[in-house]
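Labels below follow one simple rule: chain letters A, B, ... track the order of the sequence lines, proteins then strands, and each chain is numbered from 1. For the numbers below, each heavy atom of this structure counts, side chains included, while hydrogens, waters and symmetry mates do not.
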Amino acid sequence: MAHELASKYDPKEVEDRLYRKWEENGYFKAGEDEGKPNYCIVIPPPNVTGQLHMGHALDETLQDILIRQKRMQGYNVLWQPGTDHASIATEMKLVQQLAEDGLTKGEIGRGEFLKRAWAWKEKYENRIISQLKKLGASCDWSKTRFTMDEGLSNAVEEVFIYLYNKGLIYKSAKIINWCPECKTSLSDAEVEYEDQPGFFWHIRYPYKDGSGYVEIATTRPETLLGDTAVAVNPEDERYKDCVGKMLILPLVGREIPVIEDEYVDKEFGTGAVKITPAHDPNDFEVGLRHNLEQICILNDDGTISDNGGKYAGMDRYEARKAIVEDLKEQGFLVSVEPHEHNVGTHDRCHTTVEPMIKPQWFVKMDELAKPAIEAVKSGELRFYPERYAKIYLNWMENIRDWCISRQLWWGHRIPAYYCDECGEIVVGHNAPERCPKCGCTHFHQDEDVLDTWFSSALWPFSTLGWPEETELYKRYYPTNALVTGYDIIFFWVARMVFSGLEYTGKLPFKDVLMHGIVRDSQGRKMSKSLGNGIDPLEVIDKYGADALRFTLVTGNAPGNDMRYYDEKVEASRNFANKLWNASRFVLMNLKEELPETMDAADLTAADRWILSKFNTLAKEATEALDKYELGITADAVESFIWEEFCDWYIEMVKTRLYAEPCKDRTAAMWTLVTVLSGALKLLHPFMPFITEELYSYLRPQEETIMYAKWPVYQEAWNFPHETEEVDAMKEAIRGIRDVRTQMQVSPKQKTTVIFVSDDAHTQDIFREGASFLAPLAFAEEVRVQADMTGVEATAVSIPLHKMTAFIPLEQLIDLDKERARLGKEKERLEGEIGRLEKKLSNPGFTGKAPQAVVDGERAKQTRYKEQLHQVEEQLARLS
RNA sequence: GGAGAUAUAGCUCAGUUGGUCAGAGCGCUGCGUUCACAUCGCAGAGGUCGUUGGUUCGAGCCCAACUAUCUCUACCA
C-alpha cells in the first residue's frame with residue numbers, strides 16, 4: 001500500500017481529471033430516490049454571452065457548497081443550471097459588432113439580426129458553462145436550460161396571457177424612462193441615478209397682458225419647448241393673483257396658463273414651476289390633473305422633434321445650448337447658477353435617460369406585491385442575513401407598475417396581435433383566425449420584446465418544466481434556497497417571489513442567501529472601464545479552483561462585500577498543500593489493512609482526544625452550515641486540520657508510527673485515517689478536488705467522496721476527560737518551549753524534563769504521553785514523579801494545573817534572570833487571582849450569573865492559586 | 001429626503017442567541033533545514049474593540065446620541 005505522492009499538490013494534474021470522472025459517472029445527476037428528501041437550488045443564470053467573473057465564482061461556490069453537503073447528507077439533489085438571454089446586454093453587443101462591420105440593425109432587418117443573435121448564442125453558451133465547470137460546480141448539466149428555449153418561452157407566453165386575461169397586464173401610454181442610445185423603454189429598476197454637476201437656469205415667462213413676468217427655474221431648459229403651463233402652490237401668497245392668467249412661452253410664443261397644484265414646493269427655487277407633461281414624471285401627473293396638452297419634443301434618438309420649431313433635429317444638448325443663448329439674447333434669462341442634480345442614467349450604457357410618453361406594456365403591481373410582502377413579514381420567506389428583508393420590503397411596499405416592453409429584437413416577443421383593420425388587440429399564443437371585433441383576418445404581432453427579467457422571474461419553476469406538471473417539477477419545486485448578490489434583489493429576487501406566488505401558488509424558495517460584491521484590493525468595484533477585474537480562470541490556473549473557492553468563502557461575513565487579494569488565495573493554496581502533505585504522511589505510513597472500527601479501550605488518550613475534537617467539529621460544522629454560516633464552517637475545518645490534526649496529533653503519534661507493527665501502532669494509524677478521511681468529508685464541499693483525490697487514496701474501496709456519508713456527532717467519540725488531559729499536555733509543552741526560547745536554549749540542546757504531581761491519575765496520563773512529550777519538549781528523558789526527588793533547586797519550573805514541570809538547565813541558567821521571570825509570573829497570577837476574587841465576592845455575580853459560569857470562574861481561581869503556590873515555592877528554593 | 005451597512009492588531013477582516021472573545025490571515029521580530037510539508041515548524045511583539053452616555057452582577061456583542069466612511073432608495077423643478 002505504498003503511495004508515491006508528490007511533495008506539492010498540483011491542482012492542474014487533478015482538477016480536470018476528477019471533474020471528468022464526476023461527469024462521466026453521472027454524480028451530478030438529480031436524484032430520483034423516492035425514499036429520500038429532496039433538495040434543489042436553481043442557479044442564477046449567467047448571461048449566455050458573458051464570461052465568468054468573480055461575482056459568478058463567489059455565487060457558484062456558495063451554491064456548490066450547499067449542494068455538495070446535501071448530497072453527502074443523503075438528499076436527492078438537483079442543482080439546476082442554465083443561461084439567460086440577457087436581452088438588452090446581448091443586443092448591445094450585437095449592435096456593436098454590427099457597427100464594426102459598418103452595419104446597423106435597421107439595415108439587416110429583424111430576421112437577419114435574430115439569425116446572428118442565435119448564432120452568437122450558440123457560439124458562446126458553451127464558454128460560460130465550461131467556465132463554471134472549471135470551478136467545480138456540480139450542476140446537473142443534462143438539464144441545462146436557456147431562457148429562450150422552447151419550454152421557457154412557452155412559460156413566458158403562458159404567464160403573459162394569464163396576466164393579461166386577469167387584467168394584471170395592460171398597455172398604456174404613460175411616461176416611461178427612455179434610453180436615447182439604446183432606443184428602448186426601461187423599467188424603473190434599470191435607471192441608475194447619479195449626482196452630476198449642472199446648472200439652474202432662471203428664466204422669465206412674460207404675461208400675455210404685458211403686466212410683467214413669472215420667473216421659473218429649470219435644470220433642463222430645452223424642455224421649455226414642451227411646456228404647457230406654469231404651476232404654483234395654491235397656498236403661495238406671492239402668486240395668488242397670477243393663477244389663471246396666461247403667459248407667453250419664450251422662443252415658442254405659445255400661450256400657457258398659470259395653474260395651481262399642490263405638487264409645487266413654495267420654498268424651492270422661485271416657487272413657480274414650468275410644466276412639461278411629456279418629459280417629466282411629475283409634470284405628467286400635473287398635466288393629467290389639469291388636462292394639459294402633452295407636447296413631445298424629442299425623437300427616439302434624443303434629438304429635438306418637429307414640435308421643437310427651429311431647434312428640430314438638434315441633439316438635446318446642442319438644443320439646450322442654443323436655447324440658453326437665445327433666451328439670453330432676448331432678455332428672458334435672469335441668471336444661471338451651478339446646481340448639483342440627480343440624473344437618471346441607463347444602467348447598461350450610462351446614457352442619460354429621458355422621460356417620454358410612449359404606449360408600453362405594464363404589469364400592474366399592487367395586487368401582486370401584497371402576498372410577496374406578506375411572505376416575508378410572516379417569516380415564511382427568510383433572508384440571510386436578515387437585514388435584506390427590510391430592503392426587499394421597502395421596495396415592495398413602494399412598488400410601481402412594471403414596464404415590461406422593450407423596443408428590442410432579442411428576447412421574447414410580446415404575444416399580442418393587432419387587427420390590421422380596426423386595431424383590436426388580441427393576446428394569445430398565436431394570431432387569431434379573425435378579429436373578434438371586426439372579423440378581419442389580417443393581424444400583425446406586437447414588435448416589442450419583453451424585459452429580460454420577465455422570463456428570469458419564472459426561472460425557479462419554468463426550468464423544472466412548469467406549466468407542465470413534470471416529475472421534476474413535482475419533486476423539486478418549490479426549491480430550497482436561492483443564492484445571489486444583493487445587487488439584484490429588485491431585479492430578480494422580488495420578481496421571482498411574486499411570480500412564484502401568483503402562478504404556482506407557492507413561494508419559489510424558502511431561504512435567500514445574499515452575498516456581496518467581490519471588490520479589488522483597494523475596495524473598488526471591479527469594472528471593465530477601470531480594468532481592475534480579476535479573471536477567476538487565471539486565478540484557478542495559478543492556484544487551483546479549490547484555493548479560489550476557499551478564499552471566497554473564508555474571512556467574510558454573509559452579505560458583506562469582500563476584497564480580493566492574491567495573498568488570500570496564496571494562503572488557501574498553502575492550506576491545500578498542507579493538507580496534501582499531511583495526507584501524504586499518513587499514506588506513507590499506511591502499511592496494513594486497518595480494522596473497520598476500533599475498541600476505545602485500545603486507543604490512547606491522544607487518539608481519543610483527536611476523535612473528540614473531530615466529533616465536536618462535525619457537530620459544529622453541520623450546525624453552522626444549516627445556518628448558512630459557510631465562512632465559519634470553513635474556518636473551523638481549516639483550523640482543525642492545520643492546528644489540531646497536523647501540528648499536534650500527527651506530532652504526537654510519530655514515535656508510535658516509527659515502531660514495529662503492533663496494536664498501538666494500528667490504533668494510531670486507524671485514528672489517523674479515520675480522522676483525516678472524516679475531515680476530508682467536511683472539507684469536500686469547500687475544496688472538492690483535493691479532497692476527492694486524497695480520499696481516493698485513503699479510502700480506495702469507496703468510489704467517490706461526493707457520496708460519502710456526511711459526518712455526524714456520535715456519543716461513542718465523546719471523551720471529555722481525555723480532551724482535558726491532552727489539552728493540559730499541550731499546555732505543558734508550550735510552556736516548556738516558551739521558557740527555552742526565553743532562555744535562548746538551542747533546539748539541539750536536549751534536557752531532562754521532570755513532571756511533578758501528587759495526583760496519581762495525572763501522573764498516569766503524563767507517563768502514557770511520554771513518548772511524544774519527549775520529542776515535543778526537546779527532552780532526552782521524561783520523568784514523572786510524586787515528589788521533588790532529584791530535582792535541583794536551580795531547575796527551571798513551569799507551573800501547570802495540578803503539576804509542575806522542571807527543566808534542569810544547569811549552567812545555562814542565569815539565576816537572577818530566572819528569579820525575574822518567576823517574579824513576573826507571580827505578579828501576573830496575583831493579578832488574575834485578585835480580579836477573580838473581586839468578581840466572586842460580588843453577590844450580584846454569584847447570585848445572578850448561571851451556576852456553570854460561577855463554577856468556571858471558581859475553578860479558574862483555584863487553578864491560578866495552585867500555580868501561584870508553585871511559583872512561590874520555586875522562588876523560595878532559588879533564594 | 002428616507003433606509004441600511006460599516007468603524008476591532010501595521011494591512012484585510014472574523015467574532016450569530018451579552019459571561020476564557022479580545023481572534024485569524026498577511027506583514028513584523030527571534031530561532032529552526034532528524035525521514036509529511038520552507039506553499040513549512042517553534043516562540044513572540046502588536047488592539048482601553050470610532051466617541052459619549054445608558055441597561056446589566058457582567059457589553060466589540062443590547063439601547064440612545066454623536067462622529068466618519070460607504071451603499072441602496074426617492075419626482076423636489
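Considering only side-chain N and O atoms, K568(A) lies nowhere under 4.0 angstrom from the phosphate OP1 or OP2 of C13(B). For the OP1/OP2 pair of A36(B) and a distance below 4.0 Å, the side-chain nitrogens and oxygens of Y649(A) include no atom meeting the criterion. For A14(B), the OP1/OP2 oxygens have a side-chain nitrogen or oxygen of N560(A) closer than 4.0 Å. Contact annotation: W395(A) side-chain N/O to A74(B) OP1/OP2 distance is not under 4.0 Å. OP1 and OP2 of A5(B) both lie 4.0 Å or more from every side-chain N or O belonging to R387(A). Applying the 4.0 Å criterion to OP1 and OP2 of C13(B), one finds that R563(A) has a side-chain N or O inside that range. OP1 or OP2 of G4(B) has not a single side-chain nitrogen or oxygen of N394(A) nearer than 4.0 Å.
The partner of G53(B) is C63(B), by the rule that a Watson-Crick or G-U pair needs both atom distances under 3.5 Å. Searching all strands for a Watson-Crick or G-U wobble partner of A9(B) with both distances below 3.5 Å returns nothing. Remark: G18(B) base-pairs with no nucleotide in the shown strands. Criterion, Watson-Crick or G-U wobble with two distances under 3.5 Å. In this entry G41(B) has C31(B) as its Watson-Crick or G-U wobble partner, both defining distances falling under 3.5 Å. In a base pair of the Watson-Crick type (N1 to N3 plus N6-O4 or O6-N4) or a G-U wobble (N1-O2 and O6-N3), with each distance short of 3.5 Å, G4(B) is matched with C70(B).
Once rounded to the nearest 0.5 Å, the distance linking OG1 of T691(A) with CG of L579(A) reads 8.0 Å.
Within 4.0 Å (heavy atoms only), P385(A) reaches no atom of the nucleic acid at all. K627(A) comes within 4.0 angstrom of nothing in the nucleic acid, heavy atoms only. Counting any heavy atom pair closer than 4.0 Å across all strands shown, Y263(A) reaches a base atom. Nucleic acid contact for N556(A): sugar-phosphate only, since backbone atoms but no base atoms lie under 4.0 Å from a heavy atom of the residue.
In this structure, E397(A) atom CD and G2(B) atom P are separated by 18 Å, rounded to whole Å. Put simply, NZ on K578(A) is 7 Å from C1' on G41(B), counting in whole angstrom units. In this structure, L776(A) atom CG and G32(B) atom C1' are separated by 15 Å, rounded to whole Å. Atom CD in E638(A) sits roughly 16 Å away from atom P in A14(B) (whole-Å rounding). Between the CD atom of E567(A) and the P atom of G27(B) there is a distance of 8 Å, given to the nearest Å. The CG atom of L552(A) sits 14 Å away from the P atom of C13(B) (whole-angstrom rounding). A straight line from CG of D566(A) to P of G27(B) spans 13 Å, rounded to a whole angstrom.
Take the nearest nucleotide of RNA chain B for D188(A) and for R220(A): the residue whose nucleotide is more 5' is D188(A). Both N577(A) and E192(A) sit near RNA chain B, but only N577(A) has its closest nucleotide nearer the 5' end.
A22(B) and A36(B): their P atoms are spaced 37 Å apart (whole Å). U17(B) and C21(B) have their C1' atoms separated by 15 Å, given to the nearest Å. Taking atom C1' on both A59(B) and A43(B), the two are 33 Å apart, rounded to the nearest angstrom. Of the P atoms belonging to G18(B) and C63(B), the separation is 11 Å, rounded to the nearest Å. If you take atom P in U20(B) and the same atom in G60(B), they sit 10 Å apart, rounded to whole Å. Here the separation of G19(B) from C28(B), taken at their C1' atoms, is 34 Å to the nearest Å. Distance noted for atom P between G44(B) and U55(B): 40 Å (whole Å). Nucleotides G41(B) and G47(B), compared at atom P, are 26 Å apart to the nearest Å.
Electrostatic pairing of E397(A) and K377(A) counts as a salt bridge here, judged by a charged N lying under 4.0 Å from a carboxylate O.
Remark: the D566(A) side chain and the Y564(A) side chain contain an N/O donor-acceptor pair separated by less than 3.5 Å. In the model, N574(A) has no side-chain atom that pairs as donor or acceptor with a side-chain atom of E570(A) under 3.5 Å.
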Stepwise salt bridge (charged side-chain N to carboxylate O under 4.0 Å, His left out) test for E731(A) and R863(A) = CA-CA 14 Å; E731(A) 200 188 324; R863(A) 192 172 158 173; 2.6 Å; yes
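A cation-pi arrangement is present between K654(A) and F585(A), with the terminal nitrogen or guanidinium carbon under 6.0 Å from the aromatic centre and inside a 45° cone about the axis.
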